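What follows is a short report on a single structure.
What you are looking at is a predicted structure, and each value in this text was computed from that prediction instead of being measured. Excluded from the calculations below are hydrogen atoms, water molecules and symmetry mates; all remaining heavy atoms, backbone and side chain alike, are included.
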Amino acid sequence: MSILEVIMLLCFGAAWPFSIARSWKSRSTAGKSLFFLLVLILGYLAGIANKLLYHFDAVLFLYILNVLMVSIDAILWLRNRRLEHAHAASAVV
């Protein structure tokens with residue numbers, strides 16, 4: 001297990017709960033990019049695949065935790081986008 005990989009995943013992972021909370025409270029997509037979130041998910045999935053195929057160790061669970069948190073943020077982005085569109089449509093009427 002690489003201690004540097006663990007530190008990287010812990011540092012990245014520490015930011016996601018704050019991002020999720022912000023997405024939940026703001027109900028806005030401002031400052032967020034679905035494309036960016038999807039690229040991060042792809043990167044974490046690549047890390048998971050690497051651990052499963054070549055170098056299985058406990059770090060796998062940090063990748064899984066991070067991909068779950070980014071996925072939650074992406075789902076909230078989709079929810080917020082829908083809310084923004086509903087709000088815009090009701091403002092037009």
Side-chain angles (χ1 to χ4, degrees):
M1 176 175 5
S2 167
I3 190 65
L4 297 176
E5 185 178 24
V6 170
I7 291 169
M8 182 229 12
L9 288 167
L10 287 173
C11 289
F12 285 176
W16 290 114
F18 297 105
S19 182
I20 290 167
R22 180 177 174 263
S23 293
W24 182 261
K25 283 176 46 175
S26 73
R27 301 171 72 96
S28 169
T29 59
K32 300 258 177 145
S33 164
L34 181 60
F35 179 73
F36 179 72
L37 294 171
L38 294 176
V39 168
L40 288 173
I41 290 169
L42 179 62
Y44 284 133
L45 290 175
I48 290 169
N50 178 63
K51 291 297 176 186
L52 291 174
L53 295 173
Y54 302 110
H55 194 278
F56 186 85
D57 60 28
V59 177
L60 171 67
F61 299 105
L62 291 175
Y63 279 106
I64 292 170
L65 179 61
N66 280 339
V67 79
L68 287 173
M69 289 189 290
V70 177
S71 297
I72 290 168
D73 209 15
I75 290 166
L76 287 172
W77 189 95
L78 294 169
R79 178 203 72 158
N80 293 344
R81 180 68 170 218
R82 184 179 47 83
L83 292 172
E84 288 171 346
H85 283 282
H87 184 266
S90 67
V92 172
V93 174

* Calculate, to the nearest 0.5 Å, the distance between atoms CG and OG1 belonging to Asn80 and Thr29 respectively. => 7.0 Å

* Structure fact -> Across all chains, not counting sequence neighbours, the side chain to side chain donor-acceptor pair (under 3.5 Å) partners of Arg81 are His85

Review item, side-chain donor-acceptor pairs of residues 55-68, under 3.5 Å, at least two apart:
| residue | atom | partner | partner atom | Å |
| --- | --- | --- | --- | --- |
| His55 | ND1 | Asp57 | OD2 | 3.1 |
| Asp57 | OD1 | Lys51 | NZ | 3.4 |
| Asp57 | OD1 | Val59 | N | 3.1 |
| Asp57 | OD2 | Lys51 | NZ | 3.3 |
| Tyr63 | OH | Glu5 | OE2 | 2.6 |
| Asn66 | ND2 | Leu9 | O | 3.1 |

* **Point-to-point distance, once rounded to the nearest 0.5 Å, from CZ of Phe18 to OG of Ser23** => 13.5 Å

* Any pair counted as salt bridge (charged side-chain N to carboxylate O under 4.0 Å, His left out), so long as it reaches residues 39-49, sequence neighbours left out -> none

* To do: Hey, could you give me each pair passing salt bridge (charged side-chain N to carboxylate O under 4.0 Å, His left out) that has a residue in residues 60-80? Not counting sequence neighbours.
  => Lys32-Asp73

* **Residue pairs passing the salt bridge (charged side-chain N to carboxylate O under 4.0 Å, His left out) test where at least one lies in residues 13-25, sequence neighbours excluded** => none

* CZ-CG distance between Arg27 and Leu83, expressed to the nearest 0.5 angstrom -> 5.0 Å

* Treat each ILVMFWY residue as a node, draw an edge where side-chain heavy atoms are under 4.5 Å apart, and state whether Trp16 and Leu10 are in one component. => yes

* To do: Supply the atom-to-atom distance Glu84 CD to Trp77 CH2, rounded to the nearest 0.5 angstrom.
  => 8.0 Å

* To do: Treat each ILVMFWY residue as a node, draw an edge where side-chain heavy atoms are under 4.5 Å apart, and state whether Phe12 and Val6 are in one component.
  => yes

Residues 37-49, side-chain donor-acceptor partners within the protein, below 3.5 Å, at least two apart:
none

* Structure fact -> Output for pair (Ser90 OG, His87 NE2), nearest 0.5 Å, gives 5.5 Å

